[in-house]
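The chain is numbered in sequence order, starting from 1. Predicted model only: the values in this text are computed from it and were never measured.
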Amino acid sequence: MNAHDATGTTLVNHWQRGVPVYREPVVTRTLIFFAGFAAIGLTLALVRFFSPLGRFSGMNDAYAWGIWKTFNVMTLTALGSGPLAVGMTAWVFNRQRLHVVMRTALVSGFLFYATGLVALGFDVGRAWNFWNILLPWRWNAESAMLEISFCMPVYCFMFLAFENLPLVLERFYYTGNDASKAFLLRWAPVLRRIYPFMLTGAYVLPLMHQSSLGGLLLLAGEKIHPLWQTPFLPLLYLLAAGFCGLGFVTVLLLMACLRYSRPLDDQILGELGNLLSCVCFLFLAVQYGDLIRRGQLGTVFALDKMSLLFLCQTALILIPAIALRNRTVRETPRSLLRMASLACLGGLFYRFIPTTIAFFPARNATYFPSAPELLMTLGYISLGVVAFGLAVKYFAVLPGEVKDWNYMFKLVRQRRAET
């Protein structure tokens with residue numbers, strides 16, 4: 001079944017067995033709806049780019065970071081950690097069956113990071129000076145943002161983009177002419193030789209910047225409530241990215257397979273549910289172990305505003321952790337969808353609360369995002385939804401059956417011609 005060149009080099013990873021969506025037209029009402037939100041958000045972003053920041057944001061001197069950083073970057077990148085979580089499990093821990101869902105994780109992760117970086121491009125005051133990151137002699141080695149500002153763009157547009165490259169090359173190979181196929185055959189051995197090095201970078205860099213996002217909050221010191229402020233923030237932020245990534249890939253697979261009438265593999269869903277449960281338990285063990293070590297366990301049950309918020313966050317993570325130990329729950333799509341959604345919500349709460357709700361920079365200082373901030377954030381999210389909707393229809397992203405895989409791009413042309 002594999003496509004090889006003369007030296008036996010595999011051109012396409014058939015074990016991933018992705019198939020484009022071919023049962024409906026590319027442009028749908030849902031796509032137009034989200035495209036409208038994306039257009040509104042990007043239009044506001046463009047106006048913001050040539051206008052002062054103040055009229056577009058609710059930020060002030062005390063709250064120098066608004067929702068574009070605290071939600072788009074600190075929070076949503078946790079959902080975009082699917083490539084890290086699934087990839088580490090599939091490659092490092094040899095859970096080979098998860099290669100089937102690897103493409104879904106890679107595409108969703110790339111879109112989360114790309115839209116987040118686009119948002120930052122409009123957020124920072126003088127984005128055109130970002131090229132200074134390419135000049136090491138201009139780096140501020142004492143800045144906590146340096147590692148993040150370097151790792152995130154390099155990871156997204158170099159390593160993660162390279163991991164998504166087979167999707168594009170595969171389409172060109174099956175739909176192109178003889179010249180394009182010959183070109184790909186020449187370059188396939190080169191790509192395969194550098195693949196192990198790119199794969200290493202694709203895991204090392206997100207491990208660095210996901211933990212650094214937590215380390216960044218250590219600088220806030222006592223401004224963050226003690227239930228969240230801890231020296232273990234880098235590790236906890238990394239673990240939260242792990243179960244958020246696994247949870248979101250699970251939710252995305254279930255929703256996409258339901259939307260596009262794709263068959264579901266109970267064993268793979270069960271594997272994802274089992275891993276999600278284990279990482280949730282590990283996160284809670286580290287978090288509550290740290291609370292006991294710091295003598296803050298009593299604060300958890302003080303039943304004040306912050307305590308109730310912390311207990312709610314814990315429940316959102318603990319419930320799926322316990323429920324997913326049951327094999328029936330793991331292999332029942334509706335139950336798995338609910339539990340994975342709860343885990344994602346709990347992880348988002350954990351990543352967002354210490355940056356905004358449990359963050360007290362000054363007495364009587366408050367922050368609430370302005371309408372343009374919210375519309376731009378919705379626009380960036382909508383842009384990601386539109387891009388994913390187009391990607392699954394033009395490229396082999398979602399898992400598919402073998403009978404469809406052998407003729408995937410022929411089926412796309414045939415079914416769309418019929419409609």
Side-chain angles (χ1 to χ4, degrees), residues 13 15-19 76-112 160 163-164 202-203 206-207 210 238-284 316-348 350 388 392 396-401:
N13 286 329
W15 60 5
Q16 295 179 348
R17 210 173 70 232
V19 179
L76 285 185
T77 53
L79 294 184
S81 298
L84 173 64
V86 177
M88 290 282 288
T89 306
W91 287 106
V92 179
F93 298 103
N94 202 31
R95 301 295 183 94
Q96 294 187 8
R97 67 178 63 174
L98 292 183
H99 282 292
V100 175
V101 302
M102 193 64 208
R103 288 187 170 187
T104 306
L106 287 171
V107 172
S108 62
F110 177 79
L111 294 177
F112 266 112
L160 199 50
E163 284 194 289
N164 279 283
Y203 297 139
L207 287 172
Q210 287 292 347
L238 182 59
L239 291 175
F243 72 76
C244 277
L246 288 169
F248 185 73
V249 170
T250 304
V251 170
L252 187 60
L253 279 170
L254 289 166
M255 296 294 290
C257 289
L258 175 64
R259 171 67 180 84
Y260 299 119
S261 302
R262 286 291 171 89
L264 295 168
D265 190 318
D266 292 342
Q267 290 186 337
I268 292 175
L269 292 177
E271 183 87 8
L272 287 170
N274 180 49
L275 289 167
L276 177 58
S277 173
C278 292
V279 180
C280 284
F281 272 126
L282 179 59
F283 171 85
L284 292 172
L316 289 171
I317 301 171
L318 182 61
I319 290 173
I322 296 173
L324 290 173
R325 300 317 307 152
N326 187 307
R327 183 174 179 177
T328 302
V329 175
R330 293 199 303 266
E331 296 184 358
T332 303
R334 181 177 297 179
S335 300
L336 180 59
L337 177 62
R338 291 171 179 169
M339 294 302 106
S341 299
L342 284 180
C344 288
L345 190 59
L348 292 180
Y350 176 74
F388 185 80
V392 299
V397 177
L398 297 177
E401 297 180 272

Considering non-hydrogen atoms only, spot the tightest contact between [X] and [Y] and give its length.
{"X": "Leu160", "Y": "Gly109", "answer": "CD2-C, 3.7 Å"}
{"X": "Gly82", "Y": "Val249", "answer": "CA-CG2, 3.8 Å"}
{"X": "Gly346", "Y": "Leu316", "answer": "CA-CB, 3.6 Å"}
{"X": "Leu238", "Y": "Gln210", "answer": "CD1-CB, 3.9 Å"}
{"X": "Cys244", "Y": "Ala78", "answer": "CB-O, 3.5 Å"}
{"X": "Leu246", "Y": "Ala85", "answer": "CG-CB, 3.7 Å"}

Quick one: are [X] and [Y] in side-chain contact, heavy atoms under 4.5 Å?
{"X": "Thr77", "Y": "Ser81", "result": "no"}
{"X": "Leu336", "Y": "Val329", "result": "no"}
{"X": "Leu258", "Y": "Leu254", "result": "no"}
{"X": "Pro399", "Y": "Thr104", "result": "yes"}

Original post:
Quick one: ring pair (Phe, Tyr, Trp, His ring centres under 6.0 Å) pairs with a partner in residues 242-280, sequence neighbours left out?
Top reply: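 Listed once each, the pairs are Phe112-Phe248, Phe243-Phe283.
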Could you tell me the separation between the [atom1] atom of [X] and the [atom2] atom of [Y], rounded to the nearest 0.5 Å?
{"X": "Ile317", "Y": "Tyr350", "atom1": "CD1", "atom2": "OH", "result": "9.0 Å"}
{"X": "Leu337", "Y": "Cys257", "atom1": "CG", "atom2": "SG", "result": "11.5 Å"}
{"X": "Gln96", "Y": "Thr89", "atom1": "CD", "atom2": "OG1", "result": "13.0 Å"}

Give the table of side-chain donor-acceptor pairs shorter than 3.5 Å for residues 267-282, with sequence neighbours excluded, one pair per line with atom names and distance.
unit_1 : atom_1 : unit_2 : atom_2 : d
Glu271 : OE2    : Arg95  : NH1    : 2.3
Asn274 : OD1    : Arg325 : NH1    : 2.8
Asn274 : OD1    : Arg325 : NH2    : 3.1
Ser277 : OG     : Ala321 : O      : 2.6
Ser277 : OG     : Arg325 : NH1    : 3.3

**OP:** Determine the sole option in Leu324, Leu318, Ile319 for which the side chain to side chain contact (heavy atoms under 4.5 Å, CB included) test with Ile322 is passed.
**Re:**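 Testing each of Leu324, Leu318, Ile319 against Ile322, the sole residue satisfying side chain to side chain contact (heavy atoms under 4.5 Å, CB included) is Leu318.
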